[in-house]
Amino acid sequence: MSQFLDGIEVNEDSETGKIEAPDFDLHLSMDCGQIFGWEEAEGKYTGTLAGRAVTLVQDGANIHYFAETGLNPARISHFLALDVNYRSIMRAISIDDFMKKAVDSAWGLRLLRQEPWPCLGSYILSSNNSVERIRSLVREVSLAMGEARYLGDRRVYAFPRPEALASCHEKDIRACGAGFRSPYLNRAARMVAAGEADLDSLAGLPYAEAKDVLKRLPGVGDKIADCVLLFAFSYHEAFPVDVWIKRAVERIYFDSRELKIREIHEFARSYFGEYAGYAQEYIYYYARECGLE
DNA sequence: TCTCAGGCACTAT
DNA sequence: ATAGTGCCTGAG
């Protein structure tokens, strides 16, 4: 077993392995704000995938995993989106000095391929909230209603299944600190659990149609729909516009002139093209971590 | 006390 | 279509 998984006890219910991951930075990808519900400790990231607990750690161009038996490496690679041609996308979005600088500042930051429901649920909880608050909210909700999984000597809570969030009372979600988002998550979970909204059917739909389906869910507007399409369904043209992106785009490309959200979308589509979503992530990262001077 | 934080839904125009 | 407003909550 790898020294990178030191201190971890493997038993008959778990296994380890490694996955080649060139041009991949686990830390950047996990901590850039695209995903919630994974815990970091000493460079190791622990969460659940397909209902099983897993710990990931990076060693150069390899990702080592320690997972509950039954979670195969192909599923992990899929989550890490290692099939995506990262270099060609980076070339495509490095279209000006700012974008080159932004890409350089976070090389290896990839868009992960999250599971649809945990992604949607987390983003419903994200509205009008800061990253740190979203993290703790997702943690509270998972602790209260998510399934406990066991990996080595630790316990890991999955994001609650739609059935769990559907059958509980709105107040149970509110008790986790979700506030006005509670009824949204409760009702969205009911729609998903009842099959009234079929997340699996989104894959393959044209972007605009998939977005319309998501926006029928309570608590899901333009921004959150775009996040889910980009972070769970790999619609790389999706360009979620939050206050950071709005300010950054106005500042960098419009001499700080105020734009409508619609105008930002039009600009993004025409300027960045089919990989606008990747461009968004780098603009977001740079604006937050490096500042726009 | 007040503002702000990675929005959404509702209402009025 | 678009603009204005309330909303849970915790941090600064």
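By convention in this document, chain letters (A, B, ...) are assigned in the order of the sequence lines, proteins followed by strands, and residues within each chain are numbered from 1. The model shown is predicted, which means the values in this text are computed figures rather than measured ones.
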**Asked** Checking Arg288(A) against Trp244(A): charged group under 6.0 Å from the ring centre and within 45 degrees of the axis?
**Response** yes
**Item:** Parallel, tilted or perpendicular: ring planes of Tyr207(A) versus Tyr235(A), cut at 30 and 60 degrees
**Value:** tilted
**Request:** Specify the residue among Ser130(A) and Leu217(A) whose closest nucleotide of DNA chain B lies further upstream toward the 5′ end.
**Result:** Ser130(A)
Nearest whole Å is fine: how far is [N] [atom2] from [X] [atom1]?
| X | N | atom1 | atom2 | result |
| --- | --- | --- | --- | --- |
| Lys215(A) | dC10(B) | NZ | P | 14 Å |
| His265(A) | dG7(B) | NE2 | P | 13 Å |
| Tyr123(A) | dC8(B) | OH | P | 12 Å |
| Arg139(A) | dG10(C) | CZ | P | 14 Å |

Using a 4.0 Å heavy-atom cut-off across all strands, classify [X] as base, sugar-phosphate, or nothing.
| X | result |
| --- | --- |
| Ile134(A) | nothing |
| Pro218(A) | sugar-phosphate |
| Arg288(A) | base |
| Leu125(A) | nothing |
| Val243(A) | sugar-phosphate |
| Cys176(A) | nothing |
| Arg181(A) | base |
| Val220(A) | sugar-phosphate |

Side chain of [X] only, heavy atoms from C-beta on: which candidate in [options] is closest?
| X | options | value |
| --- | --- | --- |
| Ile224(A) | dC8(B), dA5(B), dA3(C) | dC8(B) |
| Ser127(A) | dC8(B), dC8(C), dA3(C) | dC8(B) |
| Arg133(A) | dG7(B), dT2(C), dT9(C) | dT9(C) |
| Trp244(A) | dA5(B), dT2(C), dG7(B) | dA5(B) |
| Tyr184(A) | dT9(C), dA5(B), dC8(B) | dC8(B) |

**Item:** Consecutive Watson-Crick or G-U pairs in runs of at least 3, all under 3.5 Å, in which DNA chain B is involved
**Value:** B:2-5 with C:9-12, B:7-13 with C:1-7
**Residue pairs involving residues 191-200 of chain A (criterion side chain to side chain donor-acceptor pair (under 3.5 Å); sequence neighbours excluded)** = none
**Request:** Report yes or no: do Asp25(A) and Trp107(A) form a side-chain donor-acceptor pair below 3.5 Å?
**Result:** no
**Asked** Is the shortest side-chain N/O distance from Arg262(A) to OP1 or OP2 of dA3(C) below 4.0 Å?
**Response** no
**Prompt:** Got a sec: does the CZ of Arg135(A) have more than 12 other heavy atoms crowding it under 6.0 Å?
**Reply:** yes
Side-chain donor/acceptor pairs under 3.5 Å, residues 177-184 of chain A, sequence neighbours excluded:
from, atom 1, to, atom 2, distance (Å)
Arg181(A), NE, Ser127(A), O, 2.7
Arg181(A), NH1, Ala178(A), O, 2.9
Arg181(A), NH2, Ser127(A), O, 2.9
Arg181(A), NH2, Asn128(A), O, 3.3
Ser182(A), OG, Arg174(A), N, 3.4
Ser182(A), OG, Gly179(A), O, 2.7

**Request:** Could you work out the separation of dT11(B) and dC8(C) based on their P atoms and round it to a whole Å?
**Result:** 15 Å
**Asked** Is Lys211(A) salt-bridged to Asp222(A), going by a charged N under 4.0 Å from an acidic O?
**Response** yes
**Prompt:** What do you reckon, are the aromatic ring centroids of Tyr86(A) and Phe24(A) less than 6.0 Å apart?
**Reply:** no
